[in-house]
Structures are given as C-alpha cells and as structure tokens.
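Lettering follows sequence order; numbering is per chain, from 1. Fair warning: this is a prediction, and the values are worked out from it, not measured in the lab.
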Protein chains: 2
Amino acid sequence: MGVSLKDVALRAGVSVKTVSNVVNNYPHVTPGTRERVQRAIDELGYRPNLTARHLRKGRTGIIALAIPELGNPYFAELAGAVVDAAAGHDYTVLLDHTDGLREKELLVSQGFRAQVIDGLILSPIELETEDLLARTEGVPLVLLGEREYDVPCDHIAIDNVAAARTAVRHLIDLGRRRIAFLGARHESARQPAHLRLRGWRQELTAAGLEPSETLVAATHGYGRRDGAAAMAALLDRGERPDAVFAYNDLVALGAMRELSVRGLRVPEDVAVVGFDDIEEGSFAAVSLTTIAPDKQAIARLAVDCVVERLAGAATTPARRVRPGHRLVVRESTVGRRT
Amino acid sequence: MGVSLKDVALRAGVSVKTVSNVVNNYPHVTPGTRERVQRAIDELGYRPNLTARHLRKGRTGIIALAIPELGNPYFAELAGAVVDAAAGHDYTVLLDHTDGLREKELLVSQGFRAQVIDGLILSPIELETEDLLARTEGVPLVLLGEREYDVPCDHIAIDNVAAARTAVRHLIDLGRRRIAFLGARHESARQPAHLRLRGWRQELTAAGLEPSETLVAATHGYGRRDGAAAMAALLDRGERPDAVFAYNDLVALGAMRELSVRGLRVPEDVAVVGFDDIEEGSFAAVSLTTIAPDKQAIARLAVDCVVERLAGAATTPARRVRPGHRLVVRESTVGRRT
DNA sequence: ATGAAAGCGCTAACAC
DNA sequence: GTGTTAGCGCTTTCAT
C-alpha cells in the first residue's frame, strides 16, 4: 500500500534510523546522506504514516471539540475559531455534537473515542458535576460556557453575571422598566441559564425594580423557534414587557420575529438584547443589540489550556479563565440612526 | 500508561488472542472464559487502543469533511448532518475549513493529514480540475456542491440549473419582470455560481425575457455583507429590479437588509428568493423564500459513497448523484398571510 | 554519524 | 476453543 521508511532506506542504501533522522530534521546527519535520502523520499513519494508515529509517541495530534450543535451559529463560529487556534499548534480538530443532551455529553466526557484524541474541549449544557467527577479517562478536559462545576478542570467562560447585568443596565438606562428574561428552563433543577438569569435579577434589584417571575419565560431549547414560542407565551398570558433580555441571539431573533408578526415594533414597543453576537444579528431587518463574548480569545485559551496540560502541566491546579466581552449596541434597542 | 491487552490476558490467565476475541465479540469463546476475561477487563478498566488497532487494520475510522466555512449556516447545518450520517457507520468526522481559498482546498485535497483519515468529503469553491487530477493520495474523495469537474470522483450535488430555474420561474409566475441575480463573481474565469446563473438565464429566456447583464451583481464572497453590498451597488447604479434571485440565503438576507435600510419593501417593491434553506431565513422579519436542498440526503449520500469506496468499490466508475430539492415559498415573495 | 533491534498495542495466520 | 507468533510503520535506546 503505502511507502514506508524501510522502502526509502532500501532505496537510499541507508538504515531506517537514518531516514527517520532526515524526516524529523535530526541535526546530526551528513549533508551528503541527507540529500541522498531526500531524493529517495521524493522519488518514492514517501509520506510518514501518522498513525504509526502516534502509536509510538502516544499522541495523536487531534483535539476533540464537543458542542451542543453546529446549527447554532454561535457554536459554529466558535468551532471555526477553535479549528484555527488548534491549527496554530499543529493540532487538528475532531468534531462531536451533543445536542445538549446529558446522555451524549456523558458519552463524550467519559472518553468515547478518547483513544484517538489528545484532549477534549467540551461545552456542556445538561452535564452534572457528578458526571464529571466520575470521569476516568486521562485526557485533559477543558470546559466551555456558562455551566459551573466544582471539578478540577480548566474552565473558560466570560463573566456571565456581569455580562447579563450590563445588558439589563443598558435597557434600564434607556428607560425600560418591564424587562423580561427569555430562555430559562422549565425544570428549575437544571438551569443552564442560571448565571444570566441571576445577572438579570441582580441588576433589576440594584435599580430598585422588582424582578417579577411573571416576566421570566421558559424555553425548551435555545433556538429561534424557542424564542418565538416563549415570546408568544409571554404575550398570550397578558404580559406586555417593554424590553426583552434573551438568553442568546437565536432566542432574541425568534422573539423579534414573533413581535413583528404581532405588529409590535422593535425597539419602539419592545427593546431587545441578545447574547453571543452572531453575525446574523447584525444583519437582521432590525439589527440586534447583544453581548459579544470574545470568541477568538475563548477558542485560543481553550486550545492553549489543552496544549499546556499536554506539555506536562498536568498537576497545575485547574484554571478559571474569563475572556472579555462587550456590549454591542444596535437598532433593537436604540432604533435606526438617521 | 494505559492498560493493554497483555495486562488483561495476564490477569485473566489467558492469551492476548482470547482477550482480543472477547473484545471483538468473536463468536467462538467459551462463556466461562468470556466472563473471566470480561471481569479482568472491568477490573482493570481496559479500553482498546484505537491507534494501535488502526495501525494494524489500516483504517482509522475517521472521515475528513472540508467545507468553506463554518460561519455559513448552510455548511454548519450540512456538517452537522454529515457528523450524524458518519456516526451511523461508526465513523467520526474530522473538520477542516478552507475559507473557499484555492490554496487551502489544494492542501486538503492533496492529502494534508491524509494519513489519519479513511476518506475525504470536500466542498470546493475555487479548486480547479487540474488540481484534482494532480491528486496522488489514495483515500476516497467525494465532492460536494455546485462546481463541476471532469475527474473520476463521486460527486453529490442537487441539479443547480433546474433549482435556479424553479426559483426564477416562481418570480416570473408572480408577475415580476426585472429579475436580478446576486452573487456572480467578479472574475468570470472562476465562476462558482456558474450553474445558478445559467439557470437564471435559461428561465428568463424561456419566458421571453431578456437576461440583462446589468441586472447581474457580482460579489466577492457569499456572506450577508456581500449580499448587502451587491444590492447597494445595483441600486446605486440606477437599476431597480422588482425581484432578486440570490446565490444563497446569506446573500439574500444581506440584500433584504439593504432594501430595508433604503425603505424598499419586501416583497411589495422587490421580491427575494434565496438558496439553501438555512433556518435563519424562516425566522427573518420577512421570512425568506428559498430553494431547499435535501441536506440530510446530501450528507447521507456523501458518507455512503466514502464507505462504499472503502468497502472495496474502488474500481467502480465515479458516481454523479443528484439529491432532491424543493422550492419553499415564504413571505419574501408572497407577503405575509393574513 | 549511522546501524541493529526492540517494542508501542493490536489483529490475523496458523497451530494445537 | 485457545495459544503462539509475526508484523502494521514508526521512534528510540544502545552500539559502533
């Protein structure tokens, strides 16, 4: 099938070791030998077999990235950034998606395919602390996102509470008083939106406003459909907020669509703030104000963590890294500039 | 480091072969032996080393998927479908993105990382036929998308000309006469939008309308920004179409945003049809009429092709598969239903 | 500076 | 039914 080191060695009239030295740029090789070997390599079209190399070295050069779903542009954009960041360290990214289901998240975290990967970057939705503690696989795990765990794993996430407060503050500054939160979960036990919801409560309270639970709308997932449904439910039960802070941009965009269908204007009747800064939001008919996490930084830091652990920092205590974020003000809160 | 077959064999008091048989569910194993081995496996927490297995079998269980960019929801959704389809065959997907650049597409097609993968699914934008012919790597390659090549590779793509004609037909049926095309390339040499542009020409001609080149707007890429810019350019040079057929949904959405900014109504003033059926289109303030390729089918067929080639159909002539597509009519052409 | 040989963990012949 | 053995292609001591 393929051309092996041995074939090259035979052709060049040297030993495999010498060929290996040339391939790996080992310094102590006579220029003459090197050239002869190189010619044999070129003539035979030799390409090193990475699988064999990996078997030998115990590393595969592959990092797995497990996200809820590629259909969510935030994760798609993040995945792209991770692929780029990994390439910078000569790592390739293996992609898994969990659909935000605990079962799949468990599978991934417990080393499904762990033999092929050197590290794992996981963005969990429903996974629980005990699931993570039960982990036996040895590959470094880096956590991404809002969920908080008391486990010895590096964790990269922006300050969600602060970010949520900034968003709500912006709405309050605009004179809004009935500010709804879209994207809580029905079952309070597992509340992935925990921190953003907390930020919403804190900022309202700080402003002397009552964080009324009737203005919290639950969703099943975090897609456009969920946002539209939650907005509809809120309006159907007679609540009429003058602003909406959504768990993420997709929920916000779904809500805006529902508002538009019902003849309510954004931002005149209802101002909307999202979270994630997906490109789609900036091109919506009414562009979306949002919290922009620094995706490049998140991706870079996550890959860095994996690489560092691999480089031997296995014993260093788990790190908690908070990349930056900023509020991006667009039409959904301040209207179209003239 | 890890627990190996040998360790298990030692513990269970059998040979490695027997352990291997148990692990691989080889039928001829005494129940008693099997149980003893299984216990040893559980106690030691043995997990097979896939790298070694792959080295031995010459297969890695990994398929690479190379798409232009994850930031485009169409490709993100498609990638998700491919991951699922691959999982059905016990394959994992390695993701690469090419940014639609010939250089990166070349790299991928010529076997960058080819040692780690069993097959490659590539969606090219700028790659040329000669680039593909120069390919030396042996792993099966399946092509995706609109570009046409005269090379011996399986190719999965909907009938782009027919799909484009359907879209334009729809606009004509609605009484539109000045139908623009958004998304041609500036350089005519490389015209990825070739087929859709041809469909636009054919259908206009068939309807007795002149396909005026002044109604063709070029873009640099295929994002929202490009669509907005192309729409702006068209309007700026005094053209006032009553309908727009865009290369894809992102271009269409960008165009709609630009129309909205300029106070033109969709569909009253300008009807818009996109291509891809990304979820975003159905939740736009004015939902987007579009051509919906059967993404699940595309993904499934692509993976099937790779798997079949791997299973030994290496000699079978290249297949040209055309999954289905359909026109999804929404508000951007027929307005909001009452 | 280069060669010989061992072995990473696994599977597949072939023996018993 | 189970054990023995030989590699898959590579890197890595240890010699020379």
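- Closest approach to the A:Tyr46 side chain among D:dG1, C:dG9, D:dC10 is made by D:dC10 (side chain taken as heavy atoms from C-beta onward).
- Under a 3.5 Å cut-off, the side chain of A:Asp118 and the backbone N or O of A:Gly61 do form a donor-acceptor pair.
- Rounded to whole angstrom, the span from the CG atom of A:Leu10 across to the P atom of C:dG3 amounts to 12 Å.
- The side chain of B:Ser4 lies closest to C:dC10, out of D:dC10, D:dT2, C:dC10.
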Protein-nucleic acid N or O pairs under 3.5 Å, nucleotides 12-14 of chain D:
none

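- Counting to the nearest Å, the C1' atom of C:dT11 and the CG atom of B:Asn25 are 15 Å from each other.
- In this structure, OG1 on A:Thr98 lies 7.0 Å from CD1 on A:Ile125, to the nearest 0.5 angstrom.
- Look at CG on A:Leu44: it is 15 Å from C1' on D:dG9, rounded to the nearest Å.
- To the nearest 0.5 Å, the span separating NZ on A:Lys295 from CD1 on A:Ile158 amounts to 10.5 Å.
- Here C:dC10 is the nucleotide among D:dG3, C:dT2, C:dC10 with the atom lying nearest to any side-chain atom of B:Arg53.
- Nearest-nucleotide mapping onto DNA chain C: of A:Ala52 and A:Gly13, the residue sitting toward the 5' end is A:Gly13.
- Note: OH (B:Tyr26) to C1' (C:dC10) measures 16 Å, nearest angstrom.
- Contact annotation: B:Thr18 reaches the phosphate of D:dG3 (side-chain N/O to OP1 or OP2, under 4.0 Å).
- Taking only side-chain atoms of B:Thr30, from C-beta outward, the nucleotide of D:dC10, C:dC10, D:dT2 with the closest atom is D:dT2.
- Per the geometry, CZ belonging to B:Arg47 stands 16 Å off P belonging to C:dG9, to the nearest Å.
- Between the CG atom of B:Leu65 and the CG atom of B:Asp96 there is a distance of 8.5 Å, given to the nearest 0.5 Å.
- Side-chain atoms of A:Arg59 come within 3.5 Å of backbone atoms of A:Leu310 as a donor-acceptor pair (strictly under, hydrogens ignored).
- Whole-Å rounding puts the B:Arg59 CZ to D:dC8 P distance at 18 Å.
- Rounding to whole angstrom units, CZ of residue A:Arg36 and C1' of C:dA1 are separated by 12 Å.
- For the atom pair A:Leu78 CG and A:Asn72 CG, the distance stands at 10.0 Å (nearest 0.5 Å).
- Closest to the side chain of A:Asn49, out of C:dG9, D:dC10, D:dG3, is D:dC10.
- Looking at B:Tyr91, its side chain never comes within 3.5 Å of a backbone N or O of B:Gly119 through a donor-acceptor pair.
- Distances shown here put a side-chain N or O of A:Thr33 below 4.0 Å from the OP1 or OP2 atom of C:dT2.
- Summarising the geometry, the separation between CG on B:Leu5 and P on D:dG7 is reported as 19 Å, rounded to the nearest angstrom.
- Environment of CG in A:Asp150: sparse, with no more than 12 heavy atoms of neighbouring residues, nucleotides or ligands closer than 6.0 Å.
- Comparing the axis of the opening five pairs of the helix from C:dA1-D:dT16 to C:dC16-D:dG1 with that of the closing five pairs yields an angle of 40°, rounded to 10°.
- Atoms CG and OG, from B:Leu143 and B:Ser109 in turn, are 9.0 Å apart once rounded to the nearest 0.5 Å.
- Looking at heavy-atom distances under 4.0 Å, A:Thr51 makes no contact with the nucleic acid at all.
- Here ring pair (Phe, Tyr, Trp, His ring centres under 6.0 Å) pairs that include residues 64-89 of chain B, with residues two or more places apart or in two chains, number zero.
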